[in-house]
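What you see is a predicted model; the values in this text were computed from it and never measured. Just so you know, these numbers use all the heavy atoms, side chains as well, and skip hydrogens, waters and symmetry mates. Along the sequence shown, residues carry numbers from 1.
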Amino acid sequence: MRLSAKRDALTETSDIAGILPVFAALGSAARSWHRWLMAFAAGAVGALAMPPFGFLPALVLSLVPAIWLLDGTMKGSPSRWAPLKAAAVLGWCWGFGYFVAGLWWLGAAFLVEADQFAWAMPFGVLGLPALLAFFPAFGFVLARLLWLPDARRILAFALGLTVAEWLRGYLFTGFPWNSPGMALGQHLWLMQSASLVGLYGLTFLSLCIGAAPAVLLTGRTARARWTAPILAAAMLVGMAGFGVWRVPAQASATVPEVRLRIMQPNLLQDAKFNPRNRDAIMRHYLTLSARPGRDGAAPTHTIWPESAFPFLLHRDAGSLAQIAALLEPGSVLITGAARMDEPLPGEAVGKFYNAIQVIDDQGTILGSYDKAHLVPFGEYVPKFLDALIRAVGLRQFVHIPGGFEPAEKRMVLSIPGLPRVAATICYEAIFPGEILADGPRPNLILNVTNDAWFGETPGPYQHFAQARLRAVEEGLPLVRAANTGISAIVDSFGRVVDNLPLSVEGLIDSSLPVAEPATVYSTWGKFSLTVTLVICLMLLVVRRGQHSTFP
């Protein structure tokens, strides 16, 4: 009786069979491969909403079919669990399409040393998306548990996938790359809402806005059809209006007596880490960094990208002397560099760290920041897999014996002449709410990276967009040095003050924008998201209790 009532309720509310014959036909069999293929295609379309494309309608084209396909799981089934299993499969297929289309560029890293890693390319291009797809599978199941036969199922869908995205950002070291919130988080006015709710709040809003048009063809009355899309459009307009209000018309003020120079060498990855090229690489860095500036003023702070040297800089007195000769009196160099601790008794080598080092005009290393959030398999191999991987003759991508060690905790980097610095290396900048160390608030986000692994693909654009959003979330300027690009100076509102595009050699000479006061997100971000999701859950649970047609 309950299954029959459930079918009747959905038919009365949405009349899918009459209005959406294609989806109804495909949705009639919960295990139909046609529905799985449609879910895969819908997920793949969603990747077009991500950088560098930024095609917002793709979000609608991706999420609306997901809603309709989940509607299809409401059809009669002899098992109480069959709809949840069907939702899980649909979510996995949707997620697999989304991640394959959005992360295919990871395959480029396997071709840098193709003789050693090309065979493993399918594991990166298809294997990682297949694993990540279990998160939207969970999100679809959670949404299906809260499903209602009206427009409120949009809230259920947004809540389920937002929780799944939050889990994806934390579990198994986390990988919040291309969260749906980035669809809104790459546009200047729309991204300003991140100062209130952060990436995961933007994700919830993106899912609500993108999925809302699904009810246009499934509502029984005009009010049922139009209320959610109108609210979604109003939400989008409100976000844009808030952005216009928040972003000042004038350029940001700058920190006095700070002149930054970012050096983008544009070195191919296979050359960058070849020790035989050490002298040529150093000459290239020094020659490029010594070019006259646009205004003739000498820089106070020169910045080089991540892992700049195929050797240990702190153990190379000759290279430190060359750096000292480059720098003007009172200026410093900030550079990425691998470093090694002194070996402990009984050890052949010490522990290696992916670091940022600060060097003065005497060639003295004044301080270091060690990377805390390492890339699994790229910078280290998880210990439970290390023995197996070594047994078959494999290693991580980085040529470091045993891989890098993570810093015990995130530390503030002290640099003469600069305010307090929140340092990040490579993909540390993609984790919302995690880039600031404990203690007094910094006034600057520094990100050094090497995206040469991924060539001229969407990867470097996606990486830069995520780092840029951190500036808006925290109300802090971003200074970014990337080997092949995109290097940039970004103010506290996410405005790009200056940049060097991908695959271009050159310099950025710029002042440093000032920091803005702490944002709402910086102070209350995680709390506000929790409150939003709890209120949404309570509304759905209360309404669900009034609909006896749902289990």
Side-chain angles (χ1 to χ4, degrees), residues 1-17 20 23-43 63-99 129-168 171-172 207 211 214 218 533-534 536-551:
M1 289 294 293
R2 294 185 68 189
L3 290 173
S4 176
K6 186 187 304 181
R7 290 196 301 271
D8 292 342
L10 185 67
T11 301
E12 289 175 4
T13 309
S14 52
D15 195 17
I16 292 178
L20 303 169
F23 280 88
L26 295 178
S28 61
R31 300 182 63 184
S32 169
W33 66 268
H34 296 91
R35 300 179 69 239
W36 303 341
L37 183 61
M38 183 165 284
F40 174 87
L63 299 180
V64 167
I67 296 290
W68 290 339
L69 286 167
L70 276 171
D71 282 339
T73 66
M74 299 300 300
K75 290 190 169 291
S77 169
S79 168
R80 180 184 182 89
W81 300 105
L84 298 182
K85 293 178 182 178
V89 174
L90 288 173
W92 187 91
C93 292
W94 184 91
F96 187 53
Y98 180 75
F99 292 120
L131 292 175
L132 294 176
F134 283 101
F135 288 101
F138 170 79
F140 273 49
V141 170
L142 181 56
R144 179 59 183 77
L145 285 169
L146 300 169
W147 213 246
L148 289 167
D150 54 32
R152 278 176 289 266
R153 68 196 194 276
I154 304 301
L155 285 180
F157 181 76
L159 186 149
L161 276 191
T162 300
V163 171
E165 283 298 302
W166 182 85
L167 292 172
R168 180 162 73 93
L171 295 182
F172 312 113
L207 294 168
T218 59
L533 295 181
V534 168
C536 181
L537 178 62
M538 291 174 64
L539 290 173
L540 290 167
V541 170
V542 170
R543 293 299 302 175
R544 180 176 176 271
Q546 298 174 7
H547 288 273
S548 61
T549 57
F550 283 78

With side chains defined as the heavy atoms from C-beta onward, is the minimum distance between [X] and [Y] less than 4.5 Å?
X	Y	value
Glu165	Arg168	yes
Phe140	Leu161	yes
Pro65	Trp94	no
Val163	Phe138	yes
Phe135	Leu171	yes

Query raised in the report: How are the rings of Trp147 and Phe157 set to each other: parallel, tilted or perpendicular (split at 30° and 60°)?
Result: perpendicular
Do you know which two heavy atoms are closest between [X] and [Y], and how far apart they sit?
X	Y	answer
Leu142	Gly160	CD2-CA, 3.8 Å
Ala137	Ala88	CB-O, 3.4 Å
Ala86	Thr73	CB-CG2, 3.9 Å
Val64	Ala214	CG2-N, 3.7 Å
Arg144	Pro83	NH2-CB, 3.4 Å
Leu69	Leu90	O-CD1, 3.6 Å

Euclidean distance, [Y] [atom2] relative to [X] [atom1], rounded to 0.5 Å:
X	Y	atom1	atom2	value
Leu63	Ile154	CG	CD1	9.0 Å
Thr162	Leu207	OG1	CG	5.0 Å
Leu145	Leu84	CG	CG	5.0 Å

Report task. State which residues pass side chain to side chain contact (heavy atoms under 4.5 Å, CB included) with Phe134; sequence neighbours excluded, sorted by chain then number. Result ->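 If we apply the side chain to side chain contact (heavy atoms under 4.5 Å, CB included) test to Phe134, skipping adjacent residues, the hits are Trp92.
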Query raised in the report: In chain order, what residues pass the side chain to side chain contact (heavy atoms under 4.5 Å, CB included) check against Val89, with sequence neighbours excluded?
Result: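 With sequence neighbours excluded, Val89 shows a side chain to side chain contact (heavy atoms under 4.5 Å, CB included) to Trp36, Cys93, given in chain and number order.
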